[in-house]
Amino acid sequence: MMSTFVEVVSRTALKERVEQLGAEISADLKGEVPVMVGVLHGSVVFLADLVRAMSIDLEVEFLSLTRFGHDGQIGIAMDIAEALEGRHVVLVEDIVDTGLTLASMRRLLEVRNPATIRTVTLLDKAPRRIVEVDLEYRGFEVGDEFLLGYGLDWKGHYRNVSSLWAVMDLEVLQADPLAFARHLGISPEV
Ligand code: IMP
């Protein structure tokens, strides 16, 4: 029987790809001091590794979004502290799925007149895209399974799992949010 939880990207593969992305972004932005904007909370783990793989001076900021309804409408719950006028902004995302979040976020930031806005996403669920969005850098293209670990959560859990896992049957987690913790042997009940 196939397991409900399948590791899809190992720690080693994540590390290698994040290092490549860091080198690529550093080369493209050489001579600039970009503002790396992490979109909370999912991008935190990726961002922490990505900025340490970068070889240029940079700043880190965070943005937290609120979502209303199912049409991807977003608002800002916690804003960036820095003015973005004339700056080179790199939005750091964990995963781009329908693209609705990223499209709205770019619109919100473009009015602040940054010199450029680029997006780096660790994961691209390209087949599920509803709106076209510019993605300058992507770590991995993935299918439409629900993914967990390396920043990605289920009801706030599993962000600290250091590799990336696919959930083959989401009903298992819907019925029992701690099923994956038991699978990993990190549940307090085991
Ligand atoms: P979008 O607006 O549909 O592109 O949604 C992107 C957001 O959906 C991401 O920032 C995640 O918070 C969430 N998301 C989409 N797919 C997954 C997944 O497989 N695991 C965890 N979160 C996901």
Side-chain angles (χ1 to χ4, degrees), residues 2-11 13-14 17-18 21 36-50 60-80 89-110 117-181 183-184:
M2 192 164 69
S3 172
T4 307
F5 305 105
V6 179
E7 190 184 56
V8 286
V9 189
S10 69
R11 282 172 88 139
L14 282 165
R17 187 71 188 113
V18 172
L21 287 170
M36 307 295 293
V37 178
V39 186
L40 292 172
H41 301 334
S43 75
V44 165
V45 175
F46 172 45
L47 178 117
D49 285 342
L50 180 69
V60 172
E61 290 287 339
F62 291 101
L63 186 66
S64 171
L65 304 174
T66 51
R67 255 173 258 271
F68 333 101
H70 297 287
D71 58 353
Q73 277 276 21
I74 59 163
I76 294 182
M78 192 199 83
D79 207 344
I80 299 166
V89 173
V90 181
L91 289 172
V92 183
E93 271 280 21
D94 50 354
I95 185 162
V96 178
D97 184 11
T98 61
L100 291 167
T101 309
L102 182 58
S104 324
M105 201 161 49
R106 280 186 91 119
R107 275 199 301 276
L108 283 173
L109 297 181
E110 266 156 15
I117 303 187
R118 292 170 167 81
T119 300
V120 52
T121 184
L122 177 71
L123 304 163
D124 181 7
K125 267 190 187 175
R128 286 179 43 93
R129 199 76 85 250
I130 293 175
V131 288
E132 282 292 318
V133 276
D134 293 335
L135 272 185
E136 285 74 15
Y137 310 97
R138 93 197 63 204
F140 300 93
E141 197 168 315
V142 291
D144 62 7
E145 289 89 18
F146 194 81
L147 302 172
L148 287 177
Y150 201 71
L152 298 169
D153 76 311
W154 177 261
K155 299 191 190 302
H157 295 259
Y158 311 125
R159 295 193 198 276
N160 63 319
V161 173
S162 56
S163 57
L164 208 77
W165 293 69
V167 183
M168 307 316 286
D169 180 0
L170 210 50
E171 280 177 18
V172 172
L173 272 185
Q174 279 158 349
D176 175 10
L178 293 181
F180 186 43
H183 177 83
L184 295 173

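First listed ligand is number 1; within each ligand, the first listed atom is number 1.
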So is [X] in contact with ligand 1, going by heavy-atom distances below 4.0 Å?
{"X": "E93", "answer": "yes"}
{"X": "L102", "answer": "no"}
{"X": "K125", "answer": "yes"}

Please say which of V9, N160, L122 ends up in a side chain to side chain contact (heavy atoms under 4.5 Å, CB included) with Y150.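 When side chain to side chain contact (heavy atoms under 4.5 Å, CB included) is applied between Y150 and each of V9, N160, L122, only L122 qualifies.
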
Would you mind telling me which of L91, L135, V18, V90 makes a side chain to side chain contact (heavy atoms under 4.5 Å, CB included) with V120?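 When side chain to side chain contact (heavy atoms under 4.5 Å, CB included) is applied between V120 and each of L91, L135, V18, V90, only V90 qualifies.
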
Side chains of T101 and E93: closer than 4.5 Å at any heavy-atom pair?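 In contact.
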
Numbered in order shown, the ligand 1 atoms found under 4.0 Å of a heavy atom of T101 are 1 (P), 2 (O), 5 (O), 6 (C)

When you look for heavy atoms under 4.0 Å from ligand 1, do you find them on the side chain of I130, its backbone, both, or neither?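 For I130, no heavy atom sits under 4.0 Å from ligand 1.
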
Which part of R128 is near ligand 1, with near meaning a heavy atom under 4.0 Å away: side chain, backbone, both or neither?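 Answer for R128: neither.
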
G99-ligand 1 polar pair, N/O distance under 3.5 Å: yes

When rounded to the nearest 0.5 angstrom, what distance separates CG in L50 from OH in Y137? 10.5 Å

Residue pairs fulfilling side chain to side chain donor-acceptor pair (under 3.5 Å) with at least one residue in residues 162-171, sequence neighbours excluded: E7-S163, R11-S162, S163-W165

Donor-acceptor pair, Y158 side chain versus L152 backbone, under 3.5 Å?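 The answer is no, because no donor-acceptor pair under 3.5 Å joins these two groups.
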
Candidate with minimal heavy-atom separation from atom 20 (N) of ligand 1, of D124, D153, T121, L147: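 Shortest heavy-atom distance from atom 20 (N) of ligand 1: L147.
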
